[in-house]
Visitor: 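Structure provided below as structure tokens; questions to follow.
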Amino acid sequence: MTVVGTRGATLTEGRADFPTGFVWGAATASYQIEGAAQEDGRGPSIWDTFSRTPGKVAGGDTGDVACDHYFRHADDVSLMSELGLAAYRFSVAWPRVQPHGSGAVNARGLDFYSRLVDRLLEAGITPYVTLYHWDLPQALEDAGGWPERDTAYRFAEYAAAVYARLGDRVHNWTTLNEPWVAAFLGYGNGVHAPGRTDPAAAFRAAHHMLLAHGLAARALREAGAREISLVLNLSPVITPAQVADPGAAPSEADAEAVGRIDTLLTRQFIDPAVRGEYPAEFLDIVGRNGGVEHIRDGDLAIINQPIDLLGINYYNPCVVESGPGRAADAAWPGSEDIRFCPVDGVPATAMGWPVVPNGLSRLLVRLSDDYPEVGLIITENGAAFDDAVEDGRVHDARRTDYLDGHLRAVHAAIADGADVRGYLLWSLLDNFEWAEGYRRRFGIVHVDFATQRRLLKDSALWYREVIARNGL
Ligand code: FCB
């Protein structure tokens with residue numbers, strides 16, 4: 001029997017066919033793969049500084065060499081072709097383009113991305129360019145970083161410079177990757193660069209990132225960009241009981257905890273970007289954490305630029321309950337009296353992240369219901385496991401299971417009416433996993449960091465079949 005859902009997703013006896021034109025791809029980010037930290041005039045970024053600070057990154061790892069992609073990009077594009085990818089999401093390193101974060105453009109830095117784009121287009125792969133995936137030029141951090149308003153204006157100038165060079169060939173533009181993580185891990189709990197721990201600075205950083213998004217989106221649109229998106233790390237916020245039973249009714253106190261964390265994670269970003277407003281409850285929280293003076297008249301109108309797609313990075317749900325008397329978590333200023341709960345009874349990845357595929361369906365359906373004005377694309381989803389190479393193979397069955405489960409969840413959401421246009425897997429290559437260094441492997445392609453040898457894992461071979469069949 002074939003069940004036809006909305007938007008062309010069909011399910012026939014366990015086979016899930018995706019809608020025609022569904023975009024299959026993979027994602028990476030500049031600092032995580034490029035290496036070549038000193039090459040062709042690149043300036044230092046906050047991640048160069050942070051990774052060199054003892055104790056900040058596991059194993060003392062840095063992105064100095066990473067996957068050496070800067071020099072091996074042609075081979076990496078060949079790998080993408082071999083897998084049949086239709087799209088490749090990568091980010092541009094701001095310090096390659098403006099080594100000190102402002103002023104004259106470094107043409108050699110942009111040349112690299114221009115060559116990469118040409119290679120991709122020759123291979124029939126659509127480039128999806130992210131302008132900011134966390135490698136802020138160190139000079140801008142020295143001038144105050146994202147908590148300073150000026151950084152937003154510098155970002156818009158940088159975005160225009162990248163567009164001027166690549167806009168003739170690149171049509172899919174993302175302003176920022178995961179402003180929540182960049183603001184609240186970068187300036188809140190200090191686990192990411194620049195490693196500051198100041199709740200007021202974190203809220204200011206988040207607002208200025210949104211302002212940067214709006215200014216850049218406006219500049220890109222005026223310059224002729226076709227498709228503009230913002231990428232957020234999103235999770236359904238649920239209670240422990242809802243992990244197994246999505247319909248379980250929360251107590252009043254738990255519902256309040258869920259609502260507050262959803263405001264901080266989701267609505268803090270989507271409401272201003274898509275609707276031009278901050279939730280009142282959010283402004284109360286900011287008011288209690290340093291004040292709202294940095295949010296100026298007119299900012300919300302700038303932030304609220306039309307976007308074509310919302311990019312979703314999903315790894316796991318966010319599970320909370322009421323926790324009277326608890327102090328706020330440093331990454332979540334405003335989360336007093338809330339407990340973040342471990343998830344029992346489901347497998348976990350090497351990051352310790354619980355595997356809950358139905359969380360993705362739940363998230364996608366909710367977003368399409370609450371924000372019908374914007375189409376959705378999965379810009380990251382994937383899993384780290386401790387892979388081993390055995391006789392020239394990597395049998396990463398757990399990763400394949402993870403991906404299969406989450407793709408089925410995407411399919412179910414589409415059949416329920418969610419407007420999901422594509423899936424960009426995280427990640428093409430094993431790479432520098434931020435504070436975890438190289439010990440966490442997210443790639444479907446194994447990288448031997450001593451020799452830079454690439455090896456398709458079993459999950460890559462499986463993904464190639466999925467793409468070829470446009471389904472599971
Ligand atoms: C996301 C990041 C990405 C990667 C994955 C595992 O938060 O955007 O760079 O590290 O997590």
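Just follow the structure's listing: the first ligand is 1, and inside any ligand the first atom is 1. As the structure is a computational prediction, the values presented were derived from the model and not from experiment.
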Visitor: Any idea which atoms of ligand 1 are less than 4.0 Å away from a heavy-atom of Trp434?
Guide: 3 (C), 4 (C), 9 (O), 10 (O)
Visitor: Which of the atoms in ligand 1, numbered in the order shown and given with their element, are less than 4.0 Å from a heavy-atom of Phe442?
Guide: 6 (C)
Visitor: Mark up the atoms of ligand 1 that fall under 4.0 Å of a heavy atom belonging to Trp134, in ascending order.
Guide: 2 (C), 7 (O), 8 (O)
Visitor: Less than 4.0 Å is my threshold; does some heavy atom of His133 fall inside it relative to ligand 1?
Guide: yes
Visitor: Tell me if a side-chain donor or acceptor on Asn106 pairs with a main-chain N or O of Asp40 at a distance below 3.5 Å.
Guide: yes
Visitor: Nearest protein heavy atom to atom 10 (O) of ligand 1, by residue and atom, and its distance?
Guide: Glu433 OE1, 2.6 Å
Visitor: Test ring pair (Phe, Tyr, Trp, His ring centres under 6.0 Å) on Trp434 and Phe50 and set out the steps.
Guide: CA-CA 10 Å; Trp434 308 115; Phe50 188 76; 9.8 Å; no
Visitor: Quick one: look at Val181 and ligand 1, take heavy-atom pairs under 4.0 Å, and tell me if it's side chain, backbone, both or neither.
Guide: neither
Visitor: Name the closest protein heavy atom to atom 7 (O) of ligand 1, giving the residue it belongs to and the distance to 0.1 Å.
Guide: Glu178 OE1, 2.6 Å
Visitor: Under 4.0 Å from a heavy atom of Trp426: give me the atoms of ligand 1 that qualify, with their elements.
Guide: 3 (C), 4 (C), 5 (C), 6 (C), 9 (O)
Visitor: Please determine if Arg169 and Asp118 form a salt bridge, counting it only when a charged side-chain N lies under 4.0 Å from a carboxylate O.
Guide: yes
Visitor: Inspect the contact between Glu436 and Arg439 and indicate whether a charged nitrogen and a carboxylate oxygen are less than 4.0 angstrom apart.
Guide: yes
Visitor: For residues Tyr371 and Asp271, is any side-chain donor paired with an opposing acceptor at under 3.5 Å?
Guide: yes
Visitor: Which residue holds the protein heavy atom closest to atom 5 (C) of ligand 1, what is that atom called, and what is the gap in Å?
Guide: Tyr315 OH, 3.3 Å
Visitor: Quick test of your reading of the model: are Arg454 and Asp68 salt-bridged, counting only N-O distances below 4.0 Å?
Guide: no
Visitor: Whether Asp448 and Arg453 form a salt bridge (side-chain N of Lys/Arg under 4.0 Å from carboxylate O of Asp/Glu) is what I want to check.
Guide: no
Visitor: Return the residue, atom name and 0.1 Å-rounded distance of the protein heavy atom closest to atom 2 (C) of ligand 1.
Guide: Glu380 OE1, 3.3 Å
Visitor: What atoms in ligand 1 come closer than 4.0 Å to a heavy atom of Asn177?
Guide: 8 (O)
